[in-house]
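For ligands, and for the atoms within them, numbers begin at 1 and follow the listed sequence. As the structure is a computational prediction, the values presented were derived from the model and not from experiment.
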Amino acid sequence: MFTKAIVRKPGRNFAQGITSANLGKPDYPTALSQHEHYCEALRTYGLELTLLEPDLDYPDGCFVEDVAVITEKCAIITRPGDKSRQGEEKKIEDILAQYMKIERIVSPGTVDGGDILRMEDHFYIGLSQRTNQQGAHQLKSILENHGYAASTIPVKGILHLQTGATYIGRNHVVAIPEFADAFKGFRVIEADKEEAYAANCLSVNDFLLMPAGFAKTKQKILKSGYQIMEIEMSEFRKMDGGLTCLSLMF
Ligand code: CIR
């Protein structure tokens, strides 16, 4: 069970972050309101939030998932793969250090937390444009030293591994068709072809947050017995972000 989460409000220069989405410029007031609903959902499911104010030095700073990988044993502070995001991790490290042991990814390694998909005690590490071999190797050693299993998986055509696959508990993964056979021993619920964005869901203490508006995939997940809350994510999607990106839960 998670009891806490760290989140950061998007800043007024949010639209200056990195994106490949081609969906237009995000509307800031709408992004703020979507972020508030997201925070409210986490509170509803039992989390106490540390809500950080925006840091205008980092337009992508609301995507806190990318700067740490949290386990029961330690938090691994990442070294983000895009230069413009390096430094975001400092504030998050200070907070996490109050609660747990800290480990770090160091140069020349890079890791974005969005590439790390935990399925029970196995961590899949996506090798992407943001997470390099050295970073993956460092992360794997740290995890293995703490008793976890880890393996790498190539990520192509999407930003992060979790852009295309998320673990929703009870042995189920929601994933784009490309990952249909990637996770041995787990049941994959395929996001409908036109609904690839719905592969990024967030499991919070037995409940499931899904991005709003993906009816076909939602039906498939409902059939497997999940309780779903839909969250409007349009403005974060424009900046390549999804539900998992917006929090660090522990
Ligand atoms: C970026 O490109 O870094 C941000 N605009 C989006 C990061 C999304 N984070 C995630 O998927 N974990």
Side-chain angles (χ1 to χ4, degrees), residues 5-28 31 34-35 38 42 52 54-70 75-89 91-92 105 110-118 123-132 135-136 139 153 155-168 173-176 178-179 191 196-204 209-211 231 233-250:
I6 302 173
V7 289
R8 191 198 286 278
K9 279 188 209 167
R12 59 184 151 72
N13 61 351
F14 174 56
Q16 288 162 26
I18 317 157
T19 184
S20 61
N22 257 323
L23 293 170
K25 201 176 153 194
D27 177 68
Y28 183 52
Q34 291 180 349
H35 195 263
Y38 177 88
L42 297 190
L52 302 176
D55 180 340
L56 297 181
D57 286 343
Y58 300 107
D60 280 311
C62 61
F63 300 117
V64 290
E65 173 184 45
D66 292 319
V67 301
V69 177
I70 303 180
I76 302 133
I77 304 301
T78 68
R79 183 165 176 269
D82 191 283
K83 274 218 159 53
S84 71
R85 300 199 58 189
Q86 291 177 358
E88 279 179 33
E89 68 280 6
K91 175 77 184 166
I92 303 291
I105 302 299
T110 61
V111 170
D112 271 15
D115 277 317
I116 315 310
L117 171 56
R118 179 176 185 174
F123 289 74
Y124 287 91
I125 305 172
L127 290 170
S128 70
Q129 300 217 355
R130 302 286 179 87
T131 298
N132 65 14
L139 179 61
I153 177 169
V155 174
K156 299 213 169 69
I158 51 176
L159 177 60
H160 290 131
L161 176 56
Q162 290 210 83
T163 313
T166 43
Y167 184 57
I168 59 171
V173 193
V174 186
I176 55 175
E178 288 84 334
F179 288 126
Y197 187 73
N200 187 273
C201 295
L202 180 66
S203 171
V204 191
L209 303 192
M210 265 197 87
I231 305 281
M233 288 291 291
S234 62
E235 304 317 291
F236 296 100
R237 186 181 184 192
K238 289 175 184 171
M239 299 309 293
D240 284 344
L243 287 164
T244 59
C245 321
L246 291 177
S247 57
L248 279 165
M249 302 190 295
F250 56 104

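Within the listing of ligand 1, atoms 6 (C), 8 (C) sit less than 4.0 angstrom from a heavy atom of Asp240. Proximity to Arg130 (heavy-atom distance under 4.0 Å) selects the following atoms of ligand 1: 1 (C), 2 (O), 3 (O). Applying the 4.0 Å criterion to heavy atoms of Glu65 picks out, from ligand 1, the atoms 10 (C), 12 (N).
The distance criterion of under 3.5 Å between nitrogen or oxygen atoms is not met by Thr244 with respect to ligand 1. Between Thr163 and ligand 1, no pair of N/O atoms sits closer than 3.5 Å. Residue-to-ligand polar distances place Ile18 within reach of ligand 1: an N/O pair is separated by less than 3.5 Å.
Proximity of Thr19 to ligand 1 is not established, as no heavy-atom distance is less than 4.0 Å. Residue contacts with ligand 1: Gln162 is excluded, as none of its non-hydrogen atoms falls under 4.0 Å.
Shortest contact from atom 6 (C) of ligand 1 to any protein heavy atom: Met239 O, 3.3 Å. Of all protein heavy atoms, the one lying nearest to atom 10 (C) of ligand 1 is Cys245 SG, 2.7 Å. The nearest protein atom to atom 4 (C) of ligand 1, hydrogens excluded, is given as Asp60 OD1, 3.3 Å; this is a heavy-atom distance. The protein non-hydrogen atom at the shortest distance from atom 9 (N) of ligand 1 is Asp66 OD2, 2.9 Å.
You'll find the side chain of His160 reaches within 4.5 Å of the side chain of Thr163, heavy atoms only.
Atom OG1 in Thr19 sits 9.0 Å away from atom CZ in Phe14 (nearest 0.5 Å). With rounding to the nearest 0.5 Å, the separation of CZ in Arg79 from CD in Glu89 is 8.5 Å.
Under 4.0 Å is where a charged nitrogen must lie from a carboxylate oxygen, and between Lys91 and Asp55 no such pair does.
The closest donor-acceptor contact from the side chain of Asn13 to the backbone of Pro59 lies at 3.5 Å or more, if one exists at all.
The environment of CD in Gln86 is crowded: more than 12 heavy-atom neighbours from other residues, nucleotides or ligands sit within 6.0 Å.
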Carefully, step by step, assess Leu202 and Tyr38 under the rule side chain to side chain contact (heavy atoms under 4.5 Å, CB included). CA-CA 11 Å; Leu202 180 66; Tyr38 177 88; 3.3 Å; yes
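Under the 3.5 Å distance criterion, with hydrogens and angles disregarded, no donor-acceptor pair is assigned to the side chains of Asp112 and Thr78.
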